[in-house]
Trainee: 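One structure, as structure tokens, below. Some questions next.
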Amino acid sequence: METSPSNATFPQIISVDDHTVEPAHVWQDRLPAKYRDTGPRIVRAPLKELTFLGGKFAPVMGEPGDEGPIGDWWVYEDLRRPLTRLDTAVGYDRDEIKLEVITYEQMRPGSYDVPERLADMDVNHVRSAVCFPTFPRFCGQTFTEAEDRELGLLCVRAYNDWMVEEWCGPQAHGRLIPLTIVPLWDARLAAAEVRRNAERGVRAVAFSEIPPRLGLPSVHSDDWDPFLAACDETGTVVAMHIGSSSRMPSTSADAPPAVGSTITFANCCFSMVDWLMSGKFERFPHLKVMYAEGQIGWIPYILERADVVWEENRAWGGVADKVHRPPSELFADHVYGCFFDDAFGLRNLDSIGVGNVLYETDYPHSDSTWPKSREVGEAQMGHLAADVVDRIVRRNAIELLGLTEDGLWPGGGR
């Protein structure tokens, strides 16, 4: 009989959703000289105004000498984006975490420094971690929204080179797992970037949960096929983070952030139904997608409802000619839900599938369970057999991302 986690050592965590706060030098060191004054760069300046209502984050940078709190700002074309406490909240009491601008000196060094990150992972019982971007946003939409597409493409490639060669380079000892971005405005360029990075061992790429909200085609169209074919052929996982459509769920223009924070899973819910009804999993049989920070408790009902719709309504529902299997079967073969704190979902694991669930810590965001991710996991998974816990906490990620048996990225140059 398998022992429960309470009677065994809790596995070292492979977190499939952490974040990096990019150091100031990322683009300045890698862009051609002619772009260094126009490419992304850090400017220290006061905050003039900052609101976050209805799911919309709206900061206004002041001029030198203006009154207001000082922060470090990314400046790129017309964009002025400050570093905020929500970007890196670990180490602060929950009641101290507010919507405010900060400097690099005011954040935990593990947010941007590799050795410090590894030390914080040790504290949190984390073996290895996948990290989503901060300034490029969760799928690189910062560069998609820019005017200069030539510069935008260079910025995408510079970020990926930094991610692979520096953030996940030799000093990470294989413990940081690369996640790259693509030029979303051109599916063929995106496919080329997937293949370029796959050649150096990258197995995950960030993508938007709901592309039309970025002014891009939906997954129901054929526009994304070159990109999806590249992912299918190279075994590159399509990783979608909540908010990667540049719009967090909300209910009204004046709804406080707490409303959106409660229903963040809704974007994942909408997105997953899109993918299950798109026919893409049948056209690209090796394609895998994962939903970072979406939690898992909502999945059973969506699968139940999707199967009913497919069975009863597919003739008029527009899917009879492209979706030939029940959506729940497609989910089992192609989709992964990711969670950091979801006791309800874990109590309903049989309705989701042990092989379709991944664990995360969300370091260094305000929702992060750091430094108690192990304790949270032990408390919520105490009713599960040890082999099931091992799959959720590490084994599923090892198989999905092509890691070593020890949970390391093989391309890490250890």
Side-chain angles (χ1 to χ4, degrees), residues 19-50 56-88 100-107 109 111-114 131-169 178-186 189-190 192-193 196-197 205-206 208 214-216 244 246:
H19 300 265
T20 178
V21 176
E22 299 80 17
H25 68 262
V26 170
W27 289 276
Q28 291 298 295
D29 285 358
R30 289 169 176 78
L31 290 176
K34 69 175 183 176
Y35 285 120
R36 286 177 191 155
D37 290 337
T38 54
R41 57 206 182 277
I42 286 289
V43 172
R44 187 157 291 185
L47 172 70
K48 183 176 181 180
E49 182 181 343
L50 177 59
K56 184 177 181 181
F57 177 58
V60 179
M61 189 174 83
E63 297 295 330
D66 287 352
E67 294 184 0
I70 300 297
D72 284 334
W73 296 70
W74 282 106
V75 175
Y76 172 51
E77 293 192 341
D78 294 333
L79 178 64
R80 304 291 184 268
R81 200 281 190 191
L83 301 180
T84 75
R85 177 57 62 212
L86 299 187
D87 293 329
T88 171
E100 60 183 351
V101 298
I102 61 171
T103 66
Y104 280 97
E105 289 80 5
Q106 293 171 300
M107 67 176 72
S111 303
Y112 58 85
D113 180 85
V114 171
C131 295
F132 281 81
T134 297
F135 171 69
R137 310 217 299 283
F138 294 143
C139 65
Q141 60 265 56
T142 291
F143 304 122
T144 297
E145 295 168 358
E147 292 291 329
D148 188 335
R149 289 286 168 80
E150 179 182 357
L151 173 57
L153 181 58
L154 290 171
C155 286
V156 166
R157 291 174 174 167
Y159 175 84
N160 290 340
D161 290 345
W162 170 80
M163 168 61 62
V164 174
E165 299 165 6
E166 187 172 330
W167 184 252
C168 301
L179 171 72
T180 53
I181 59 176
V182 293
L184 292 166
W185 60 88
D186 188 316
L189 288 176
E193 190 63 11
R196 182 176 83 94
N197 291 303
V205 62
S208 175
L214 302 178
L216 300 169
S244 56
S246 292

Trainee: To the nearest 0.5 Å, what is the distance between OG on S208 and CZ on F138?
Mentor: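 Rounded to the nearest 0.5 Å, the OG-CZ separation comes out at 12.0 Å.
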Trainee: Could you pull out all residues at least two apart from T38 that satisfy side chain to side chain contact (heavy atoms under 4.5 Å, CB included)?
Mentor: Y35, L151
Trainee: Could you tell me which non-hydrogen atom of A45 sits nearest to which non-hydrogen atom of W73, and how far apart they are?
Mentor: O-NE1, 3.1 Å
Trainee: E165: which residues meet the salt bridge (Lys or Arg N to Asp or Glu O under 4.0 Å) condition with it, sequence neighbours left out?
Mentor: R200
Trainee: List the atom of D87, the atom of P82, and the distance in Å for their closest heavy-atom pair.
Mentor: OD2-O, 3.9 Å
Trainee: Keeping the roles fixed (side chain from D72, backbone from Y104), state whether a donor-acceptor pair exists under 3.5 Å.
Mentor: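 Checked: pair present.
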Trainee: List for me each residue that meets salt bridge (Lys or Arg N to Asp or Glu O under 4.0 Å) alongside E105, sequence neighbours excluded, and say none if there are none.
Mentor: R44
Trainee: Residues in salt bridge (Lys or Arg N to Asp or Glu O under 4.0 Å) with R30, at least two apart?
Mentor: E166
Trainee: Applying side chain to side chain contact (heavy atoms under 4.5 Å, CB included), name anything that partners D186, two or more places apart in sequence or on another chain.
Mentor: R188, L189
Trainee: Rounded to the nearest 0.5 Å, what's the gap from CG on L153 to CH2 on W185? Could you check?
Mentor: 5.5 Å
Trainee: Look up atom CG in D78 and atom CD in E147, then write down how far apart they are to the nearest 0.5 Å.
Mentor: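 If I round to the nearest 0.5 Å, the distance is 7.5 Å.
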Trainee: Return the SG to OH distance between C155 and Y76, rounded to the nearest 0.5 Å.
Mentor: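 Reported to 0.5 Å precision, the distance equals 4.0 Å.
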Trainee: Indicate the atoms forming the closest heavy-atom contact of A24 with I42, along with that distance.
Mentor: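 Minimum heavy-atom separation between A24 and I42: CB-CG1, 3.7 Å.
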Trainee: Would you mind reporting whether L79 and P40 have side-chain heavy atoms less than 4.5 Å apart?
Mentor: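 P40 vs L79: side chains apart.
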Trainee: State, to 0.1 Å, how close I181 and A206 come at their nearest heavy-atom pair, and which atoms those are.
Mentor: CG2-CB, 4.3 Å
Trainee: How many angstroms lie between CG in N197 and CG in D161, if you round to the nearest 0.5 Å?
Mentor: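 The distance works out to 7.5 Å.
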Trainee: Do S244 and F132 make a side-chain contact, defined as non-hydrogen atoms from C-beta onward lying under 4.5 Å apart?
Mentor: no
Trainee: Looking only at atom types and distance, does a side-chain atom of W167 sit under 3.5 Å from a main-chain N or O of T20, one as donor and one as acceptor?
Mentor: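 Not at all, since once roles are kept as given, no pair shorter than 3.5 Å links the two residues.
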Trainee: Under the side chain to side chain donor-acceptor pair (under 3.5 Å) rule, collect the residues that match up with S111, sequence neighbours excluded.
Mentor: T88
Trainee: Taking only residues two or more places apart in sequence or in another chain, which ones pass side chain to side chain contact (heavy atoms under 4.5 Å, CB included) with D113?
Mentor: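 Only P115, E116 meet the side chain to side chain contact (heavy atoms under 4.5 Å, CB included) criterion with D113.
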Trainee: At their closest point, which heavy atom of T144 faces which heavy atom of L184, and how far apart are they?
Mentor: OG1-CB, 3.4 Å
Trainee: Taking C-beta and beyond as the side chain, do L154 and P32 meet within less than 4.5 Å on heavy atoms?
Mentor: yes
Trainee: Report the residues that fulfil side chain to side chain donor-acceptor pair (under 3.5 Å) with R157, sequence neighbours left out, ordered by chain and then residue number.
Mentor: none
Trainee: Any sub-3.5 Å donor-acceptor pair from E77's side-chain atoms to D148's backbone N or O?
Mentor: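 It does hold such a pair.
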Trainee: Who passes salt bridge (Lys or Arg N to Asp or Glu O under 4.0 Å) against R80, sequence neighbours left out?
Mentor: none
Trainee: Quick check: does any side chain N or O of E193 sit under 3.5 Å from a backbone N or O of A190, one acting as donor and the other as acceptor?
Mentor: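 Flag not set: sc E193 to bb A190 has no pair under 3.5 Å.
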Trainee: Measure the CG-CE distance between L83 and M107 for me, rounded to the nearest 0.5 Å.
Mentor: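 With rounding to 0.5 Å, CG (L83) is 4.5 Å from CE (M107).
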Trainee: Are any non-hydrogen side-chain atoms of Q106 and R85 less than 4.5 angstrom apart?
Mentor: yes
Trainee: Could you go through the side chain to side chain contact (heavy atoms under 4.5 Å, CB included) check for T134 and R81 one step at a time?
Mentor: CA-CA 10 Å; T134 297; R81 200 281 190 191; 4.2 Å; yes
Trainee: Using side chain to side chain contact (heavy atoms under 4.5 Å, CB included) as the criterion, list what pairs up with R137, not counting sequence neighbours.
Mentor: Q141, T142, E145, S246
Trainee: Compare every heavy atom of F57 with every heavy atom of T84, then report the nearest pair and how far apart it is.
Mentor: CG2-CZ, 3.8 Å
Trainee: So does H25 get a backbone contact from the side chain of R41, meaning a donor-acceptor N/O pair under 3.5 Å?
Mentor: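 No; judged by distance alone, with no hydrogens or angles, the pair does not exist.
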Trainee: I'd like to check E22 versus P136 (side-chain heavy atoms, cut-off strictly below 4.5 Å). Are they in contact?
Mentor: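 The answer is yes; the side chains approach within 4.5 Å.
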Trainee: Name all residues meeting the ring pair (Phe, Tyr, Trp, His ring centres under 6.0 Å) criterion together with W27; count only those two or more places apart in sequence or in a different chain, and write none if there are none.
Mentor: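 For W27 the ring pair (Phe, Tyr, Trp, His ring centres under 6.0 Å) partners, ignoring immediate neighbours, are W74, F135, F143.
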Trainee: Kindly write out the residues that satisfy side chain to side chain donor-acceptor pair (under 3.5 Å) with E100, not counting sequence neighbours, or none if the list is empty.
Mentor: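 With neighbours one apart ignored, the set is empty.
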